[in-house]
Trainee: 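Sharing a structure with you now.
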Amino acid sequence: MLVRDAMSTVILTLGPAHTLRQAATLMSARRVGAAVVLDPDAGGIGILTERDILNSLGLGQNPDAERTHAHTTTDVVFAAPTWTLEEAARAMTHGGFRHLVVLDRGDVAGIVSVRDIVRRWIPVREPTPAP
């Protein structure tokens, strides 16, 4: 199975000036754990995760004052839609992260998460009828 079969294609994108509170609100509303941050001044494509927001809060920083650009990972490991899920899982394990931005011909095509991969590897079971 390939990354394209598991990735989310509806992507939350943020700008570098969004506050962490705005990012958290949007991520919560969309029920996603990561957002793509598009910042042409800082190299283009980055990723902001729920862990980045949590780390900021843990440091006592103000989520209404902190901007995404200060917490975005810019040395992103990108996946291709043609990678196998095993390749994606290996990259995540090696890098110690749970999300990969998927690029197709240089454009953001989706995000794949550990959860997306597990959902593809583990068949969904039908609920057992009540007796």
Trainee: Taking the side chain as C-beta and beyond, is there a heavy-atom pair between I45 and L38 under 4.5 Å?
Mentor: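 Yes, their side chains come closer than 4.5 Å.
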Trainee: For A80, enumerate each residue passing the side chain to side chain contact (heavy atoms under 4.5 Å, CB included) test, keeping only those at least two apart in sequence or located in another chain.
Mentor: T82, W83
Trainee: Can you get from V112 to V77 by hopping between Ile, Leu, Val, Met, Phe, Trp and Tyr side chains that sit under 4.5 Å apart?
Mentor: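 They do share one cluster, since a chain of ILVMFWY contacts under 4.5 Å joins V112 to V77.
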Trainee: With S56, which residues qualify under side chain to side chain donor-acceptor pair (under 3.5 Å), at least two apart?
Mentor: Q61
Trainee: Taking transitive links into account, so neighbours of neighbours count too, which hydrophobic residues share a cluster with L2 at under 4.5 Å side-chain distance?
Mentor: none
Trainee: Enumerate donor-acceptor pairs with a distance under 3.5 Å from any side-chain N or O in residues 22-35 to protein atoms, sequence neighbours excluded.
Mentor:
| unit_1 | atom_1 | unit_2 | atom_2 | d |
| --- | --- | --- | --- | --- |
| Q22 | OE1 | T19 | N | 2.8 |
| Q22 | OE1 | T19 | OG1 | 3.4 |
| T25 | OG1 | R21 | O | 2.9 |

Trainee: Does anything in residues 1-14 pair up under salt bridge (Lys or Arg N to Asp or Glu O under 4.0 Å), and if so which pairs, sequence neighbours excluded?
Mentor: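 Qualifying pairs: none.
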Trainee: Identify all side-chain donor-acceptor contacts of residues 89-109 below 3.5 Å with residues at least two apart in sequence or on another chain.
Mentor:
| unit_1 | atom_1 | unit_2 | atom_2 | d |
| --- | --- | --- | --- | --- |
| T93 | OG1 | A89 | O | 2.9 |
| R98 | NH2 | E50 | OE2 | 3.4 |

Trainee: Determine which pairs satisfy salt bridge (Lys or Arg N to Asp or Glu O under 4.0 Å) with at least one residue from residues 68-77, sequence neighbours left out, and list them in order.
Mentor: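 For residues 68-77: none.
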Trainee: Heavy atoms only: give me the nearest A88-V3 pair and the separation to one decimal.
Mentor: CB-CG2, 3.8 Å
Trainee: With a 4.5 Å cut-off on side-chain heavy-atom distances among I, L, V, M, F, W and Y, is there a chain of contacts connecting V114 to L85?
Mentor: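 As far as the 4.5 Å side-chain criterion goes, L85 and V114 are connected within one cluster.
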Trainee: Please list, chain by chain and in numerical order, all residues satisfying side chain to side chain donor-acceptor pair (under 3.5 Å) with D39, sequence neighbours excluded.
Mentor: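 Result, side chain to side chain donor-acceptor pair (under 3.5 Å) vs D39: none returned.
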Trainee: Check G15 against H18 and note the closest heavy-atom contact, atom names and distance.
Mentor: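 Smallest heavy-atom distance, with atoms named: N-ND1, 2.9 Å.
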Trainee: Do M7 and I122 belong together in a cluster built from hydrophobic side chains that touch within less than 4.5 Å?
Mentor: yes
Trainee: Hey, what do you get for OG1 (T74) to CD1 (I47), rounding to the nearest 0.5 Å?
Mentor: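 These two atoms lie 12.0 Å from each other.
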Trainee: Output all residues satisfying side chain to side chain donor-acceptor pair (under 3.5 Å) with S113, sequence neighbours left out; order by chain, then residue number.
Mentor: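 S113 satisfies side chain to side chain donor-acceptor pair (under 3.5 Å) with D116 once adjacent residues are dropped.
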Trainee: Looking at residues at least two apart in the chain, or sitting in another chain, which of them share a side chain to side chain donor-acceptor pair (under 3.5 Å) with T49?
Mentor: D52
Trainee: Give the other cluster members for V10, using side-chain heavy-atom distances under 4.5 Å between Ile, Leu, Val, Met, Phe, Trp and Tyr residues; answer none if it is isolated.
Mentor: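 Via sub-4.5 Å side-chain contacts, V10 links to none.
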Trainee: Who pairs with L54 by side chain to side chain contact (heavy atoms under 4.5 Å, CB included), at least two apart in sequence or on another chain?
Mentor: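 None.
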Trainee: Applying a strict under-4.5 Å side-chain criterion to I, L, V, M, F, W and Y, I'd like to know whether I117 and I111 cluster together.
Mentor: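 No, it is not one cluster - the side chains of I117 and I111 are not joined through contacts under 4.5 Å.
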